[in-house]
Protein chains: 2
Amino acid sequence: MSKSRAKTNADAALSAMIPGIGAGKRGEAGYLGYLLRQAANAQRRRMDRALATVGLTHPQFLVMTMIGAYPGCSNADIARLAMLTPQTVHAIIAALRRKALVSRQPHPVHGRILNIELTNPGKALLGRGRARALAVESDLKDMMSDLDEATVRRWLVDMARAAPAQ
Amino acid sequence: MSKSRAKTNADAALSAMIPGIGAGKRGEAGYLGYLLRQAANAQRRRMDRALATVGLTHPQFLVMTMIGAYPGCSNADIARLAMLTPQTVHAIIAALRRKALVSRQPHPVHGRILNIELTNPGKALLGRGRARALAVESDLKDMMSDLDEATVRRWLVDMARAAPAQ
DNA sequence: ATCATAATATTCGTGTCCTGATATTATGAG
DNA sequence: CTCATAATATCAGGACACGAATATTATGAT
C-alpha cells in the first residue's frame with residue numbers, strides 16, 4: 001500500500017491514507033521513540049541478512065564479539081555489556097555451545113562463575129562475521145556528514161544512559 | 001561489574017576492564033550499529049515498563065495505535081506500518097483478540113481481507129496507554145536541543161529508508 | 001561462626017520476530 | 001474465459017527477550 005506498489009490493491013481509499021517510510025508520522029515529524037524503533041529495526045534486519053551468510057544471528061554475533069573482546073568473561077558480564085538479561089544470554093550461549101563455537105570452564109577461585117571463551121572454530125567464524133558487519137557499518141557512516149555523526153553519537157549514548165537499571 | 005556496584009565482585013581484575021554504558025566502545029567511539037541497538041534497547045525497556053502498568057506490551061501498544069489511526073486496516077497494512085512481517089503481526093493480533101481489545105470483520109468487497117478495529121474496551125485501554133507513552137516521549141525531547149533533534153530525526157528516517165525490502 | 005544480603009547460573013512461561021511454506025482470493029494479460 | 005501473478009491470511013519451527021522463581025555460592029556485618 002505504500003504508493004510504490006499500489007498495483008494490486010484491495011482498498012485504494014484506505015491504502016492511500018497510509019504513509020510510506022518517509023511520510024507523515026513515519027517521517028521526521030513522527031514520535032522520536034517510533035522513529036528510533038523503525039531505524040533500529042532496519043539495522044537489525046540488515047545485520048541479520050549479512051550474518052546469515054556465515055550462519056550466525058546478530059545476537060549470536062554480538063555475544064561472540066563480547067567474548068572475543070573479554071575472554072573468560074561470565075554470562076552475567078555479557079548480559080551487562082549487551083544490555084540483555086542473564087536469561088537471554090543464557091539462551092544465546094546455549095545455542096553457541098551447541099555449535100561448539102564457545103566453551104566454558106569453572107572459575108579457578110569462585111565456585112559459581114563459569115568462564116566463557118571462544119573455541120578455535122568460534123574465532124574463525126567470528127572473523128568472517130566481523131568482515132560482514134564492518135561492511136554494514138561502513139555503509140552507515142557514508143550516509144551522513146562528520147558533523148551530524150558527532151551529534152547522532154552523542155544522542156545515542158544519552159539515550160542508552162537514560163535506561164532504567166536492570 | 002560496572003564500577004558503580006563493585007561491592008560483591010567475583011573477579012575485579014577482569015571486571016575493571018569491562019566498560020560501563022558511556023565508556024569505551026559503549027560510548028561515542030563505538031560502532032554506530034551497536035550504539036543504535038543499545039539506544040533502541042533502552043527505549044524498548046522504558047516503554048515496556050511504562051505500558052506494563054496498563055497490561056500491554058509495547059508491540060501491542062504499537063499495533064493498537066495503528067488500528068486506532070487507520071480503523072478497518074488489514075493485517076498486512078499493519079505489518080507495513082510497524083515494519084514487521086505479517087506473521088509477527090498475526091501473533092500480536094491474536095493476543096489482542098484474546099484480550100477482546102480488537103475485533104475483525106470480513107472486508108465488504110474483498111473476500112480475503114479481514115478489517116480490524118478497536119473494541120470499546122480497546123479504545124479505553126489505548127487511551128490510558130497513550131498517556132504513559134507520551135510521558136516517555138516527552139522525556140526524550142527534553143534530553144536534547146531543537147537543533148540536534150532535527151539532525152537526529154533526519155538520520156533516523158534515513159536509516160529506516162535504507163532498509164532492505166521486506 | 002552465623003546470618004542476612006547479593007551475585008551467579010538456571011528453568012519456566014509468555015510474547016515477540018523471523019524464514020519458509022501453504023491455501024485462498026484478486027487482478028491483469030492473453 | 002484462462003492462466004500467471006500477486007496479495008492476503010495462516011501454520012510450523014526456531015531464536016530471541018522478558019519477568020518470575022529456584023538453587024547455589026560469596027561476601028559483609030554482627
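Just so we're on the same page: letters track the sequence lines, and every chain starts at 1.
- The nearest whole Å value for the distance from the CG atom in Asn41(A) to the C1' atom in dC18(C) is 11 Å.
- Comparing Ile92(A) and Arg112(A) along DNA chain D, the residue whose closest nucleotide (by nearest heavy atom) sits nearer the 5' end is Ile92(A).
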Between the protein and nucleotides 12-15 of chain C, which nitrogen or oxygen pairs are less than 3.5 angstrom apart?
none

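- In terms of heavy-atom proximity, Ala160(B) sits nearest to Ala42(A) at CA-CB, 4.0 Å.
- As a whole-Å value, the separation of Arg49(B) CZ from dG19(D) C1' is 9 Å.
- Applying the salt bridge (Lys or Arg N to Asp or Glu O under 4.0 Å) rule to pairs touching residues 115-143 of chain A yields Lys141(A)-Glu149(A), sequence neighbours excluded.
- In this structure, Arg45(A) does not reach the dC17(C) phosphate: none of its side-chain N or O atoms is under 4.0 Å from OP1 or OP2.
- Look at Arg80(B) and you won't find any side-chain N or O under 4.0 angstrom from OP1 or OP2 of dA7(D).
- In this structure the side chain of Leu36(A) reaches within 4.5 angstrom of the side chain of Leu36(B), judged on heavy atoms.
- Remark: Arg44(B) engages Asn41(B), Asp48(B), His58(B) in a side chain to side chain contact (heavy atoms under 4.5 Å, CB included) (not counting sequence neighbours).
- Side-chain proximity of Leu114(A) to the nucleotides dT8(C), dT10(C), dC16(D) is greatest for dT10(C).
- Taking atom CG on Leu51(A) and atom C1' on dC18(C), their separation rounds to 14 Å, with Å as the unit.
- As rounded to whole Å, 18 Å separates atom C1' of dT8(D) from atom CD of Gln105(B).
- Phosphate proximity of dC16(D) to Thr88(A): absent, as no side-chain N or O sits under 4.0 Å from OP1 or OP2.
- Side-chain nitrogen and oxygen atoms of His90(B) include at least one within less than 4.0 Å of the OP1 or OP2 phosphate oxygen of dT10(D).
- Rounded to whole Å, atom C1' of dA7(D) lies 11 Å from atom CG of Asp77(B).
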Exercise. Step by step, would you call Asp148(B) with Thr151(B) a side-chain hydrogen bond (donor to acceptor under 3.5 Å, both in side chains)?
Worked result: CA-CA 5 Å; Asp148(B) 286 354; Thr151(B) 300; 5.3 Å; no

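- The two atoms that bring Ile116(B) and Ser74(B) nearest to each other are CD1-C, 4.1 Å, heavy atoms only.
- At whole-Å resolution of the value, CD1 in Ile113(B) and C1' in dA9(D) are 10 Å apart.
- Projected onto DNA chain C by closest heavy-atom contact, Arg37(A) and Arg97(A) fall at different nucleotides, the more 5' of which corresponds to Arg97(A).
- At the phosphate of dA17(D), neither OP1 nor OP2 sits under 4.0 Å from any side-chain N or O atom of Thr85(A).
- Remark: C1' of dA17(D) and CD of Gln38(B) are 17 Å apart, rounded to the nearest angstrom.
- The shortest distance between the side-chain N/O atoms of Arg44(A) and the OP1/OP2 oxygens of dC17(C) is not below 4.0 Å.
- Per the geometry, CD1 belonging to Ile116(B) stands 12 Å off C1' belonging to dT8(D), to the nearest Å.
- Tyr70(B) places a side-chain heavy atom less than 4.5 Å from the side chain of Leu81(B).
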